[in-house]
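Each residue takes its place number in the sequence, starting with 1.
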Amino acid sequence: MSAQIISGKEVAKSIREELKLEVETLKEQGITPGLSVILVGNDPASHSYVKGKAKGCEEVGIKSEVIYMEETISQETLLAEIERLNLDSNVHGILVQLPLPKHIEEDAIINAIDPKKDVDGFHPINVGKMMIGEDAYLPCTPHGIIELIKRTGTEIKGKHAVVIGRSNIVGKPVSILLLKEHATVTIAHSRTQNLKEITRQADILVVAIGKPQIITKDFVSPGTLVIDVGVNRLETGKLVGDVDFEGVSNVASYITPVPGGVGPMTITMLLKNTIEAAKKINKLK
């Protein structure tokens, strides 16, 4: 194995130490950052994610609350709860855990969150600001990916970055953030022809396509930095990414593992956004 492993756990731990100090400074000024998470229904994965977010908040000193709602809750009731949180001055960040039950329109819920408290970075106003380069809350997973790349010491400017995946949560926003860092960006997806030819041109390869181990070493040129966003569970129960870790590790310069790569960074960036929201709402720099 020639690739250096990019440990999201270690980078996240380092950032959380920095965030803990920021929260202590804010508390000295009488401000305690607050995050409210709404969880609808009993999806086991969602419960696990929310538990991780609450644990992260406790670790850095953010006050968190989880609001549990029944699967059968009406959209109107959920919207009313969001409006209550929008008006609560002690709540700086609001997050509605996705996915939602089918009878609730996700876009309507996301749009109802005050953009100043949209610490997930999903509101169209924050997405639009990110698109044109204005200050905005950045989506947590893409933000974490950029941080992981930077902390390897790799300069993004001038590099050719290939992103496989075009989702609104990862693929599109990480492409925009890479552009902001002056990379030349190619977006590929499930219908891209000659995918292998394109990925072999990459200096930085971000894979978020949701297919287990689909990217083998044949898709990667020597020295490429590889970020694997995928999380897939095999029939054996083993968690794997979208990248064949063992094979690609023999040609890449850096690679993220699954688990322990991008995952820990997502919650860490959420904590960072919540602290930034507390500063902005209280008109602090």
Apply side-chain contact (heavy atoms from CB on, under 4.5 Å) to Met131 and Leu179, showing your working. CA-CA 10 Å; Met131 186 78 183; Leu179 274 174; over 6 Å; no
Here the pair of heavy atoms bringing His47 nearest to Gly41 is NE2-O, 3.2 Å
For the residue pair Ser221 / Thr224, report whether a side-chain donor-acceptor contact shorter than 3.5 Å exists. no
Can you find a heavy atom in the side chain of Thr216 that is under 4.5 Å from one in the side chain of Lys196? no
Heavy-atom check, side chain of Pro173 versus side chain of Asn168, under 4.5 Å: no
Counting only pairs under 3.5 Å, give me each side-chain donor-acceptor contact of residues 262-274, with atom names and distances, residues two or more places apart or in other chains.
| unit_1 | atom_1 | unit_2 | atom_2 | d |
| --- | --- | --- | --- | --- |
| Thr266 | OG1 | Thr141 | OG1 | 2.9 |
| Thr268 | OG1 | Arg16 | NE | 3.0 |
| Thr268 | OG1 | Arg16 | NH2 | 3.3 |
| Thr268 | OG1 | Pro264 | O | 2.9 |
| Asn273 | ND2 | Val119 | O | 2.9 |
| Asn273 | ND2 | Leu138 | O | 3.0 |
| Thr274 | OG1 | Leu270 | O | 2.9 |

Give the cluster check for Leu177 versus Ile187: same hydrophobic cluster or not, with ILVMFWY residues linked at side-chain heavy-atom distances below 4.5 Å. yes
Salt-bridge contact Glu181-Lys159 (side-chain N to carboxylate O under 4.0 Å): no
Straight-line distance of Arg200 CZ to Leu195 CG, nearest 0.5 Å: 12.0 Å
Quick check: do Val40 and Pro101 have side-chain heavy atoms less than 4.5 Å from each other? yes
Determine whether a donor-acceptor pair (N or O, by modelled atom type, separation under 3.5 Å) exists between the side chain of Asp228 and the backbone of Val243. yes
Sub-3.5 Å donor-acceptor pair from the side chain of Asn126 to the main-chain atoms of Phe122, do we have one? no
Answer yes or no: is there a side-chain heavy-atom contact under 4.5 Å between Thr25 and Gln29? yes
Could you tell me whether a side-chain N or O of Thr199 sits under 3.5 Å from a main-chain N or O of Phe219, the two making a donor and an acceptor? yes
side-chain contact (heavy atoms from CB on, under 4.5 Å) between Glu147 and Ile15: does it pass, once the steps are laid out? CA-CA 10 Å; Glu147 197 65 37; Ile15 294 172; 3.7 Å; yes
Atom CD of residue position Gln201 - does it have more than 12 heavy atoms of other residues, nucleotides or ligands inside 6.0 Å? yes
Evaluation steps, salt bridge (Lys or Arg N to Asp or Glu O under 4.0 Å), between Glu58 and Lys55: CA-CA 5 Å; Glu58 183 181 0; Lys55 184 180 177 182; over 6 Å; no
For the backbone of Gly34 and the side chain of His92, can you confirm whether one donor and one acceptor N or O come within less than 3.5 Å of each other? yes
Compare all side-chain heavy atoms of Leu26 with those of Ile275 and state whether any distance is below 4.5 angstrom. yes
So, are Glu22 and Lys279 salt-bridged, with charged N and O less than 4.0 Å apart? yes
Asn250 and Ser2 have their tightest heavy-atom pair at O-OG, 3.1 Å
Rounded to the nearest 0.5 angstrom, the CG-CG distance for Asp203 and Leu225 is 9.5 Å
Below 4.5 Å, heavy atoms only, C-beta onward: do Ile145 and Thr256 meet side chain to side chain? no
Can you get from Val96 to Met69 by hopping between Ile, Leu, Val, Met, Phe, Trp and Tyr side chains that sit under 4.5 Å apart? yes
Can any side-chain N or O of Lys117 pair as donor or acceptor with the backbone N or O of Val91 at less than 3.5 Å? yes
Check whether Ile125 and Leu95 end up in the same hydrophobic cluster, where Ile, Leu, Val, Met, Phe, Trp and Tyr are linked by side-chain heavy atoms less than 4.5 Å apart. no
By side-chain hydrogen bond (donor to acceptor under 3.5 Å, both in side chains) - contacts of Asn42 (at least two apart): none
Flag side-chain contact, heavy atom, 4.5 Å: Ile109 against Leu78: yes
I'd like to check Val207 versus Val229 (side-chain heavy atoms, cut-off strictly below 4.5 Å). Are they in contact? no
Within a 6.0 Å radius of atom CD on Glu65, are there more than 12 heavy atoms belonging to other residues, nucleotides or ligands? yes
Given side-chain contact (heavy atoms from CB on, under 4.5 Å), test Leu205 with Ile215 step by step and report yes or no. CA-CA 10 Å; Leu205 180 62; Ile215 299 301; 4.3 Å; yes
Hey, does the side chain of Asp244 reach the backbone of Val248 with a donor-acceptor pair shorter than 3.5 angstrom? no
Between OG1 of Thr154 and NZ of Lys157, what distance do you get to the nearest 0.5 Å? 14.0 Å
Measure the spacing between CD of Gln213 and CD of Glu246 and express it to the nearest 0.5 Å. 8.5 Å
Looking at Leu35 and Ile62, what are the two nearest heavy atoms and their distance? N-CG2, 4.1 Å
Shortest non-hydrogen contact between Ala183 and Ile156, atoms and distance: CB-CG2, 3.7 Å
Using atom types as modelled and distance alone, determine if a side-chain donor or acceptor of Ser249 lies under 3.5 Å from a backbone N or O of Phe245. yes
Same cluster or not: Ile110 versus Tyr137, using hydrophobic residues (I, L, V, M, F, W, Y) connected whenever any side-chain heavy atoms lie under 4.5 Å apart? no
Spatial distance of atom CG (Leu85) from atom CD (Glu83) [nearest 0.5 Å]: 9.5 Å
Asp88 side chain to Asn90 backbone, donor-acceptor under 3.5 Å: yes
Is Tyr254 linked to Val258 within one hydrophobic cluster, defined over Ile, Leu, Val, Met, Phe, Trp and Tyr using a side-chain heavy-atom separation of less than 4.5 Å? no
State, to 0.1 Å, how close Leu39 and Ser46 come at their nearest heavy-atom pair, and which atoms those are. CD1-CB, 3.7 Å
Count the heavy atoms of every other residue, nucleotide or ligand shown that sit under 6.0 Å from NZ of Lys116, and state whether that count exceeds 12. no
Would Glu81 and Arg84 pass as an ion pair if we require N to O under 4.0 Å? yes
Tell me the closest heavy-atom pair linking Leu79 and Ala112, and the distance in Å. CD2-CB, 3.5 Å
Donor-acceptor contact present, side-chain Asp118 to main-chain Asp114, <3.5 Å: no
Separation between NE2 (His182) and CD (Glu155), nearest 0.5 Å, reads 9.5 Å
Do Arg166 side-chain atoms and Lys172 backbone N/O form a donor-acceptor pair below 3.5 Å? no
